[in-house]
There are 2 protein chains.
Amino acid sequence: MRAVALNLFARHGYAAVSMRQIAGEVGVQAGALYNYTPDKQSLLFDLMKDHMDQLLGAWSEHPAAPNAVAALEAFTRFHIRFHAARPEAVFIAYMELRNLSPENFLVIEKLRQGYEAEIETLLRQGISEGVFDTPDPKIATRALIAMLNGVNTWFREEGRLSLPDVEDLYWSMVRKSVAV
Amino acid sequence: MRAVALNLFARHGYAAVSMRQIAGEVGVQAGALYNYTPDKQSLLFDLMKDHMDQLLGAWSEHPAAPNAVAALEAFTRFHIRFHAARPEAVFIAYMELRNLSPENFLVIEKLRQGYEAEIETLLRQGISEGVFDTPDPKIATRALIAMLNGVNTWFREEGRLSLPDVEDLYWSMVRKSVAV
DNA sequence: GATTTAACTGAACGTGCGTTCAAATCAATC
DNA sequence: GATTGATTTGAACGCACGTTCAGTTAAATC
């Protein structure tokens, strides 16, 4: 059910997908879904929460890098790979924030901020190492994440560029954009 | 009516806003809206089309720059200013693409590609001038636009940074990211 | 002030929504 | 094969949706 909901929410949007549609693709009547989720809102929230937990979990398991440049490269490649591997969850995580109830939104937003904070720390380390130069690490973090998130709007497995190609291209831009 | 619809679509999403809601905020009954739009879909399309026309129109009226670096700086500042000035239209233009009918989507998508193409041309000029170095201008264009679009997710008029501050920060990153 | 035109109302149309629940069905245990 | 517990069905609940339209009201013209 989660998988079907993820796919439909990503394709048509949370508000435009009915419980009957989800049930239909699962091969079941709408009522049966309520054995697995208390309501539609929780279904959305759980998908988004799972995604954020996986994102933060996967990054936290990443081995420490010897210096800030290596850490930023590791992050750049990790972020691109992680997001390219689950385009549907990513799409939902960024597009359906406003369809979360206020309490649920706060939970997800806090997780998102946690991720952002890790990257900001990384940039600050590079600045104190003297290898990065950016006047506002907070804004630079957001700029970099926005740039990397952009990959998901166009990247296709079967496309002209392979994932390593994309990683190389973006790493080159990320590196230069915060270089001294 | 357009203004109200723009605001509501931006706040709650096209699918989540009813014609009765729009009518209510206008101070009129739902039926009256149909004197001004044939249907809800056209209302969305017109808002998006207007936005894209304004974007392309405003950029095309920009004076030519003496060289590629100046042109890229002009573009960076223009893009940030233009988008910061109409956050609701921008939000809709990027979030409601999937709620357009297939024909309408094609129209908007073509306009978006036109904008992208202008920036790509600009990058290519810088490469041939020898002032830019980026292995894939098409991807670099998308990366830059994604980065600049990111401003709208956090920028607030009353915030810590003024618009010129933001322009300066992003121009510094844009410039370096494609530098030789 | 009568006449024409434009704008709006209010009710209705058929449809689909999220959710509930008694009844039916299925699976596992004894 | 009877009993139990978990799943699923199918119908129903009240409500909201986009859209239409005959009838009313307001504005503009003469």
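What you are looking at is a predicted structure, and each value in this text was computed from that prediction instead of being measured. Per chain, numbering begins at 1; letters A, B, ... match sequence-line order. Values below: all heavy atoms of this structure, side chains included; hydrogens, waters and symmetry mates excluded.
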Legend entry - C/dC8 OP1/OP2 closer than 4.0 Å to side-chain N/O of B/Tyr36: yes
Inset, instruction - May I ask you to check whether A/His83 and A/Phe91 place their ring centers less than 6.0 Å from one another? - result: no
Inset, instruction - Check whether any side-chain N or O of A/Gln29 sits under 4.0 Å from OP1 or OP2 of D/dT8, and answer yes or no. - result: no
Inset, instruction - Report, as a single string ordered 5' to 3', how protein heavy atoms within less than 4.0 Å touch nucleotides 13-26 of chain C: B base, S sugar-phosphate only, - not at all. - result: ----BBBB------
Inset, instruction - Can you measure from CD (B/Glu73) to CG (B/Asn67) and round to the nearest 0.5 angstrom? - result: 10.0 Å
Inset, instruction - Nearest whole angstrom, please: distance from the C1' of D/dT19 to the CG of B/Leu33. - result: 11 Å
Legend entry - A/Met1 CE - D/dT7 P separation (whole Å): 13 Å
Legend entry - ring pair (Phe, Tyr, Trp, His ring centres under 6.0 Å) pairs, two or more places apart, involving residues 2-38 of chain B: B/Phe9-B/Tyr14
Inset, instruction - Starting from the C-alpha separation in whole Å, work towards a yes-or-no answer on salt bridge (Lys or Arg N to Asp or Glu O under 4.0 Å) for A/Asp168 and A/Arg77. - result: CA-CA 8 Å; A/Asp168 291 346; A/Arg77 295 184 185 278; 2.9 Å; yes
Inset, instruction - Could you grab the distance from atom CG of B/Asp50 to atom CG of B/Leu55, nearest 0.5 Å is fine? - result: 12.5 Å
Inset, instruction - Measure from NZ or CZ of A/Arg86 to the centre of the six-membered ring of A/Phe82, then state whether that distance is under 6.0 Å and the direction lies within 45° of the axis. - result: yes
